[in-house]
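Each chain gets a letter, A, B and so on, in the order its sequence line appears, and its residues count up from 1. The figures that follow rest on heavy atoms only: side chains count, while hydrogens, waters and symmetry mates do not.
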2 protein chains.
Amino acid sequence: MDDTAGEIRPEDDGKPRRVRADAQRNLDALLRAAMAVFATSGVDAPVREIAEKAGVGIGTVYRHFPQRSDLIIAVFRQEVDACADAAPALAAAHDPGKALSRWMRRYLDFIAAKRGLAAALHSGDPAYEILPSYFQKRLVPALQSLLDTAAAAGVVRGGFAATDLLRAVAVLAAPSQEMGPEHGRRMVDLLLDGLRYGAGPSPGA
Amino acid sequence: MDDTAGEIRPEDDGKPRRVRADAQRNLDALLRAAMAVFATSGVDAPVREIAEKAGVGIGTVYRHFPQRSDLIIAVFRQEVDACADAAPALAAAHDPGKALSRWMRRYLDFIAAKRGLAAALHSGDPAYEILPSYFQKRLVPALQSLLDTAAAAGVVRGGFAATDLLRAVAVLAAPSQEMGPEHGRRMVDLLLDGLRYGAGPSPGA
DNA sequence: CACATATACGGAACACTGTTCCGTTTTTCA
DNA sequence: TGAAAAACGGAACAGTGTTCCGTATATGTG
């Protein structure tokens, strides 16, 4: 609600000193390093590896993220934000149908990269309990606006809930068997074709 | 294929010495202790805790199960076997409809107790790759025979794949939100009611 | 029954985690 | 310029899984 993207600062009030430049720089480096390491080695990667890749000491990691889960959560939120923010950008750059399909691909890639994170989410650790709601809060409006715009333009059917679509893709992207990434893409394309079926300029009948 | 239940011995060939009694006793105690601890604390419980509960040293655990995952796999296989073996037992003790519904409840309880294990399965550790196929190999025939018997008796519709039902229950039992165990039971009952709908002695029309 | 030996046991020791702590360094601002 | 606040770095701690080997014991034989 208060920090959606960009630099992260706790407060901007009448405090005399502002956040030190090196602190902000290290925080950014940490988030970037963590994102890369999590994508490569999963969320169980050692903290020391992330610290080394970011070029900082271990103490610095724990200064910014008191618990290991705080770092995971920060990366997750940042990636959710990036995915959500992609929606208006795509809507401005493409026609409604293309914007919708491109965003779905974007979302699919996001989910597919979150293998290990899904396991962490359901691990029972209460630290992660806030993530699903954040996921919904940011992504549902993003997709809903794309859906509404596309429906208004007559390229897809209206009246379809963004939540259902998000959940469907998330489940489809799960690698239960050794089905490659092709599978997820085909299923998402199929879902979109389903939305296009029966679309028309006038929503009624 | 070779050891379905009961005592576990690697070979029974012409070897002069048979398995030492204390070894077998400790192995049984370990499996029992591991099952209890996994159910209580999840599959991430410390090995030392299991060793202590079984009344053996840590070295003994690793003598029987060289890797931590071997112990998890052994417990899992044992519980899958128990669930699969319950099918013919229930079929012999109850009428087809009752046997089917009781087994589904039994299976639901099995799945519901495996929270942490599901996370381990999808952790990418190749040691667990054999488990899903074992799961299918043992459980699909068990449920299929119950389904066929019930269909032949006319209490449920025929032509329903056991695999789909197993997967559906496994997904429904997953605690994505904070829905209690009641939710899983209601959904399973609903699935069974669905199977009963339109059932009759003659499958055609 | 006594004994020799393969077998199994137990737990100290090792390697590697996440996390805490505090002396040192750097940045900020008067 | 200088002092204080802020942040840094990494040694040290606590708790994992795993290995190793001296010790204890069950087994089969004379």
Side-chain angles (χ1 to χ4, degrees), chain A residues 7-31 33-34 37-38 41-75 116 120 123 125 127-128, chain B residues 7-31 33-34 37-38 41-75 116 120 123 125 127-128:
Chain A
E7 73 174 12
I8 295 176
R9 293 183 289 173
E11 297 287 342
D12 211 1
D13 299 341
K15 293 291 181 64
R17 292 183 184 261
R18 58 180 206 265
V19 176
R20 273 172 54 165
D22 57 343
Q24 185 66 44
R25 203 180 329 123
N26 281 333
L27 197 152
D28 292 343
L30 269 175
L31 282 177
V37 170
F38 287 163
S41 312
V43 292
D44 288 334
V47 173
R48 284 167 177 78
E49 183 182 341
I50 296 166
E52 187 177 7
K53 190 173 187 89
V56 303
I58 308 169
T60 302
V61 181
Y62 279 89
R63 162 164 296 274
H64 290 291
F65 306 100
Q67 304 242 358
R68 180 194 164 66
S69 55
D70 294 327
L71 180 52
I72 295 175
I73 288 170
V75 169
S123 67
D125 189 328
Y128 299 112
Chain B
E7 73 173 12
I8 294 176
R9 292 184 288 172
E11 297 286 344
D12 212 0
D13 299 342
K15 292 291 180 63
R17 291 182 183 260
R18 58 182 205 264
V19 177
R20 273 172 56 165
D22 58 343
Q24 184 67 44
R25 203 180 328 122
N26 281 332
L27 196 151
D28 292 344
L30 270 174
L31 282 177
V37 171
F38 287 163
S41 311
V43 292
D44 288 334
V47 174
R48 284 167 177 77
E49 184 181 339
I50 297 166
E52 187 177 10
K53 190 171 187 92
V56 304
I58 308 168
T60 302
V61 181
Y62 279 89
R63 161 163 296 275
H64 290 292
F65 305 100
Q67 304 242 359
R68 179 194 165 67
S69 55
D70 294 328
L71 180 54
I72 295 174
I73 288 171
V75 170
S123 67
D125 188 329
Y128 300 111

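Taking only side-chain atoms of B:Pro46, from C-beta outward, the nucleotide of D:dT27, D:dG17, C:dT28 with the closest atom is D:dG17.
Listed here is the closest heavy atom pair of A:Ala127 and A:Ser69: CB-OG, 3.6 Å. In terms of heavy atoms, A:Ile50 sits closest to A:Ala33 at O-CB, 3.9 Å. In terms of heavy atoms, B:Leu27 sits closest to B:His64 at CD1-ND1, 3.5 Å.
When the nearest nucleotides of DNA chain D are assigned to B:Arg25 and B:Arg48 by heavy-atom distance, the more 5′-ward of the two goes with B:Arg48.
When the side chain to side chain donor-acceptor pair (under 3.5 Å) test is applied to A:Asp22, the partners found at least two apart in sequence or on another chain are A:Arg20.
Within the 4.0 angstrom heavy-atom criterion, only backbone atoms of the sugar-phosphate kind lie near A:Ala21; the bases stay farther away.
Taking atom CD of residue A:Glu52 and atom P of nucleotide C:dG18, one finds them 14 Å apart after rounding to whole Å. As a whole-Å value, the separation of B:Leu71 CG from D:dT16 P is 16 Å. Look at CG on A:Asp44: it is 12 Å from P on C:dT17, rounded to the nearest Å. Between A:Ile72 atom CD1 and C:dT19 atom C1' the separation is 14 Å, expressed in whole Å. One interatomic measurement links the two molecules: CD of B:Gln24 to C1' of D:dT27, which rounds to 16 Å at whole-angstrom precision. D:dT25 atom C1' lies 12 Å from atom CG of B:Asn26, rounded to whole Å. Atom CG of B:Leu27 and atom C1' of C:dT7 are 15 Å apart (whole Å).
Checked options B:Leu30, B:Asp70, B:Leu31; the residue passing with B:Val75 is B:Leu31 (criterion: side-chain contact (heavy atoms from CB on, under 4.5 Å)).
Within residues 56-66 of chain A, the residues approaching DNA chain D are A:Val56, A:Gly57, A:Ile58, A:Gly59, A:Thr60, A:Arg63, A:His64, by heavy-atom distance under 4.0 Å.
Residues A:Ile73 and A:Phe65 fail the side-chain proximity criterion, which asks for heavy atoms closer than 4.5 Å.
Taking a 6.0 Å sphere around CD of B:Glu52, one finds it holds 12 or fewer heavy atoms contributed by other residues, nucleotides or ligands.
For A:Arg20 against D:dA6, a side-chain-to-base donor-acceptor contact under 3.5 Å is present.
Between C:dG18 and A:Gln67, no contact under 4.0 Å exists linking OP1 or OP2 to a side-chain N or O.
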